[in-house]
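Order of listing sets the numbers, starting from 1, for every ligand and every atom in it.
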Amino acid sequence: MTALIIDTDPGVDDAFAIALACSSPDVDLLGVTTVFGNVGLAMTTRNALRILALYGREDVPVAAGADRPLVYPHPHRARYVHGEDGLSDRSNLLPERATGVAGTDAVSLLARLLEEAPEPVTIVPIGPLTNIALLLAAHPGARGKIERIVIMGGGIERGNVTAAAEFNIWSDPEAARRVLAEEDVPTVLVPLDLTHRCAVDAAWLDSLAGSGERGRLLVELTATYREFYSRTLGRDGTVVHDAVAMAEAISPGLLATETYAVDVECAHGPARGMTVADRRGAVARELSGVDDGREVAVAVDADLDAVREFLLSRLSS
Ligand code: RIB
Ligand code: CA
């Protein structure tokens, strides 16, 4: 059984990740915290509640977190990818949840759930890392109750929102740098280089849509998102970035990782938000004398069909 807390900015692929956690009997979903990102915080929070309601999860506490980055204003959202409401303007297809947000903020809920958990917990951040940076800064003792952090974010060879940066990291580079370069919690980074290789096609989506009402609704929610990715991929399909990271969180080792020091460019220039993975190797790094020792596991490869099958089989359940 994997105890999980999801920090999320739903978001269509976030919806698939939350659905995957809810559809996995080997997951104990302790809580969901929300953050600004694909759309504004009020909408990401509303979407998180509705996705949980679709899976009958009135029991999972939801708390809203940061509505902006740590340091610099960042008004950019991804409505052109996820729709105005974050779910292809089809969030109204989902039920409202009777149980609203918890009477606390995201960081307080994260800290409380970690403290109360009998065993260390996996945290799955699939949006900007603002809440996670705040948690680690305000509650350093919480580190001991974190099994690992499995992050969807970054790009090793390229970006998506800019030539250099992936959207989650670009949305709050200072927070990302704190988590990826300054902390020492076991961390897996699942970058877009690999999530793109796990793209799913029309046949996969059709199979999910035909698996039942929940699968049908999930595919309904992809309308805007699928149109965006079909244009960028050049074929009918989509990239469920966050669900790939969630699959690794649920099934450790599903993705092959290599260990690198990862830093984040925070200067205000063309590379702001870029994740810089030091792939020179430990010896070269040591000999260069520029090595602070912090490393993260970066997901670089997978049996792509096995990942797609893992997602489809669980989401179709
Ligand atoms: O770059 C992809 C990431 O940014 C995903 O988490 C997506 O939901 C958006 O938040
Ligand atoms: Ca996301």
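The pair Glu295-Arg285 meets the salt-bridge criterion, since a charged nitrogen lies less than 4.0 angstrom from a carboxylate oxygen. Salt-bridge check for Arg178 with Glu174: failed, with every basic side-chain N at 4.0 Å or more from each acidic carboxylate O. A salt bridge is defined here as a Lys NZ or Arg NE, NH1 or NH2 lying under 4.0 Å from an Asp or Glu carboxylate O, and Asp263 with Arg177 meets this definition.
Asp9 contributes OD1 as its N, O or S atom closest to the Ca ion (ligand 2). Closest N/O/S atom of Asp242 to the Ca ion (ligand 2): OD2.
Ligand 1 lies less than 4.0 angstrom from a heavy atom belonging to Asp9.
The part of Asn160 lying near ligand 1 is the side chain, judged by heavy-atom distances below 4.0 Å. Contacts of Asp14 with ligand 1, taken as heavy-atom pairs under 4.0 Å, involve the side chain alone. Residue contacts with ligand 1 for Ile126 involve N, CA, C or O but no side-chain atom from C-beta outward (heavy atoms, distance under 4.0 Å).
Under the 30°/60° scheme for interplanar angles, the aromatic rings of Tyr225 and His82 are found to be tilted. Between Trp170 and His74, the ring-plane angle classifies as perpendicular under the 30° and 60° cut-offs.
Under 3.5 Å, the side chains of Asp13 and His241 contain no donor-acceptor pair of N or O atoms. A donor-acceptor contact under 3.5 angstrom links the side chains of Thr33 and Asp7, judged on distance only.
The nearest protein atom to atom 8 (O) of ligand 1, hydrogens excluded, is given as Asp13 OD1, 2.6 Å; this is a heavy-atom distance. Protein heavy atom in closest approach to atom 6 (O) of ligand 1: Asp242 OD1, 2.6 Å.
More than 12 heavy atoms of other residues, nucleotides or ligands shown are found within 6.0 angstrom of CD on Glu213.
Screening Arg226, Arg90, Arg214 against Glu220 for a salt bridge (charged side-chain N to carboxylate O under 4.0 Å, His left out) leaves a single residue, Arg90.
For ligand 1 and Asn38, the ligand atoms under 4.0 Å from any heavy atom of the residue are 7 (C), 8 (O), 9 (C), 10 (O). Residue Glu166 approaches ligand 1 through these ligand atoms, each under 4.0 Å from one of its heavy atoms: 1 (O), 2 (C), 3 (C), 4 (O). The atoms of ligand 1 that sit less than 4.0 Å from any heavy atom of Met152 are 2 (C), 3 (C), 5 (C), 6 (O). Using a 4.0 Å cut-off to heavy atoms of Asn168, the atoms of ligand 1 that qualify are 3 (C), 4 (O), 5 (C), 6 (O), 9 (C), 10 (O). Within the listing of ligand 1, atoms 2 (C) sit less than 4.0 angstrom from a heavy atom of His241.
The N/O atoms of Gly127, backbone and side chain alike, include none that comes under 3.5 Å of an N/O atom in ligand 1.
Under 3.0 Å from the Ca ion (ligand 2) lies an N/O/S atom of Ile126, whether from backbone or side chain.
No donor-acceptor distance shorter than 3.5 angstrom exists from the side chain of Ser24 to the backbone of Val27, with no hydrogens or angles considered.
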